[in-house]
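A short worksheet on the structure shown next.
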Number of protein chains: 2
Amino acid sequence: MLTSLRDHVLKFVKPSEKELQLLLDAVETEVISHKQYLIKEGQYCLHLYFIVQGCFRSYFIHTSGAEKVINFGIEDWWITDFDSLVHNRPSELHIQAAEDSIVLKISKQKLDLLLQESIIINQYFRMIHEKVRIADQRRIKFMYSLSGEELYHSFCEHNPKFVQRVPQYMLASYLGFTPEFLSKIRARKKK
Amino acid sequence: MLTSLRDHVLKFVKPSEKELQLLLDAVETEVISHKQYLIKEGQYCLHLYFIVQGCFRSYFIHTSGAEKVINFGIEDWWITDFDSLVHNRPSELHIQAAEDSIVLKISKQKLDLLLQESIIINQYFRMIHEKVRIADQRRIKFMYSLSGEELYHSFCEHNPKFVQRVPQYMLASYLGFTPEFLSKIRARKKK
DNA sequence: GCTAAAAATTAATCTAGTTCAAGAAATACA
DNA sequence: TGTATTTCTTGAACTAGATTAATTTTTAGC
């Protein structure tokens, strides 16, 4: 279980064995079955989660009642509601398993202690944030550049394996349109 | 000039005088007049910029020829193209002054050295990244929740001073629609 | 293997926002 | 103070994608 986190850290920084162990000791394994929640709207988010196995989506409920998916997470991603975690406020998101999953979780308290002590762990999380910001910027660029149809094809091309793992209606929501429209796109393609 | 960066750092972390000075010594002041560029598409971005005074927009050129604004930056924001900076690849963005401006710039080289040495500076930038990620998440939530008209009114409400500082067509692009449509929204409101 | 629930499809109608084109206002700067 | 450039507005025709509702297909659990 822990080796996947160990390996991930080592892709970014070179901690001493001792320093690495500090992080691994701070973390707890949790099994989350399909459709269970890491966080629900209104709860105070108190943990940061590392996905060892499985898939999650974060979404919120629109005033219309529709679920709007704002992100997916799979193996080797950290996931949480930072707004809730950092500012100690009730979450506006649901984070739900889209498959049977396994996560490593670290509490805000323990993480804050590590971040006060360890330069390496700061570097690691700083680099993770950089990476996500770069990915988010690309995503925004795509959303501004492409039509719905183009977005879908581009997404399938860049994430061929992932597309199989979640239902179409979640993907449609993530890409910013309705499942009906996604059906239409797929129908067009076949001809 | 430097006091605005000093003050900003102190809002997040408590460095020693010496540590703070390391950052302030690494930084150079630059005056950028209206419509000048910090970065142009195709260039390798080599600096991180802290805005002391003024306003910038980052945008790219769509295949249609249209300029798509993906972000604004004002006083006390760090701005750069992280994708280019971190991965040493040509930038896909332009970052242009929308007003006569003053920035503090730090080279990637110097920054990397500081980040190897100083836990406090790592913490500072890690916290900046967290803050931006939270803001970006809110932005995505808004974009998924609101109609164009609602987006505009919400933006004006939350950033009343800023709205005055940039031309309408930039704001329209940032919000994801055309200047013509923004005109229509404004016309509706008057009645 | 059967049944209920979840997910995907289809088609008709509707609308928010685009496009194009032309003119009016505002701003910069000589 | 006048002229050129930039920005903003208006209107008519158009389209990508939404909505609604009914039907089919797939999946999961017993």
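Values below: every heavy atom of this structure, side chains too, minus hydrogens, waters and symmetry copies.
Under 4.0 angstrom from either OP1 or OP2 of D:dT9 there lies at least one side-chain N or O belonging to B:Arg186.
Within a 6.0 Å sphere centred on CD of B:Gln43, heavy atoms belonging to other residues, nucleotides or ligands number more than 12. In A:Lys18, the NZ atom is not crowded: 12 or fewer heavy atoms of neighbouring residues, nucleotides or ligands sit closer than 6.0 Å. Annotation: A:Gln21, atom CD; neighbour count of heavy atoms from other residues, nucleotides and ligands within 6.0 Å is above 12.
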Practice task
Give the intermediate values and the outcome of salt bridge (charged side-chain N to carboxylate O under 4.0 Å, His left out) for residues B:Lys14 and B:Glu19.
Solution key: CA-CA 10 Å; B:Lys14 304 272 164 289; B:Glu19 220 163 357; over 6 Å; no
Practice task
Take B:Arg126 and B:Glu130 through the test salt bridge (charged side-chain N to carboxylate O under 4.0 Å, His left out) and record every step on the way to the result.
Solution key: CA-CA 6 Å; B:Arg126 179 181 49 75; B:Glu130 277 175 3; 3.1 Å; yes
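A side chain to side chain donor-acceptor pair (under 3.5 Å) with B:Asp83 is found for one member of A:Arg138, A:Arg133, A:Gln137 and no other, namely A:Arg138.
Summary for the helix from C:dG1-D:dC30 to C:dA30-D:dT1: the axes at its two ends, each from 5 pairs, differ by 60° when rounded to the nearest 10 degrees.
Judged as a salt bridge (charged side-chain N to carboxylate O under 4.0 Å, His left out), the pairs with a partner in residues 161-175 of chain A (not counting sequence neighbours) are, in order, A:Glu75-A:Arg165, A:Glu99-A:Arg165. Under the salt bridge (charged side-chain N to carboxylate O under 4.0 Å, His left out) criterion, the residue pairs touching residues 50-72 of chain B are B:Arg57-B:Glu67, with sequence neighbours excluded.
Near DNA chain D, meaning a heavy atom under 4.0 Å from it, residues 162-175 of chain B has B:Pro167, B:Gln168, B:Tyr169 in order of number. For the segment residues 52-67 of chain A, the set of residues with a heavy atom within less than 4.0 Å of an atom of DNA chain C is empty.
Residues forming a side-chain hydrogen bond (donor to acceptor under 3.5 Å, both in side chains) with B:Gln53 (at least two apart in sequence, or on another chain): none. With sequence neighbours left out, the side-chain hydrogen bond (donor to acceptor under 3.5 Å, both in side chains) criterion links A:Ser33 to A:Gln36. For B:Gln168, there are no side-chain hydrogen bond (donor to acceptor under 3.5 Å, both in side chains) partners two or more places apart in sequence or in a different chain. B:Glu28 pairs by the side-chain hydrogen bond (donor to acceptor under 3.5 Å, both in side chains) definition with nothing, not counting sequence neighbours. Applying the salt bridge (charged side-chain N to carboxylate O under 4.0 Å, His left out) test to B:Asp136 and every residue at least two apart in sequence or in another chain returns nothing.
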Fill in the blank from the handout: Readout for nucleotides 24-30 of chain C: B = base within 4.0 Å of protein heavy atom, S = sugar-phosphate only, - = neither; 5' to 3' it is -------
Practice task
Indicate for each nucleotide in nucleotides 11-22 of chain C, in 5' to 3' sequence, whether protein heavy atoms under 4.0 Å reach the base (B), only the sugar-phosphate (S), or nothing (-).
Solution key: -B----SBBB--
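Using cut-offs of 30° and 60° on the angle between ring planes, the pair B:Phe181 and B:Phe177 is perpendicular.
Between the CG atom of A:Asp100 and the C1' atom of D:dG29 there is a distance of 14 Å, given to the nearest Å. To the nearest angstrom, P of D:dG11 lies 16 Å from CG of B:Leu182.
At least one test fails for A:Lys105 against the ring of A:Phe50: distance under 6.0 Å to the centre or angle within 45° of the axis.
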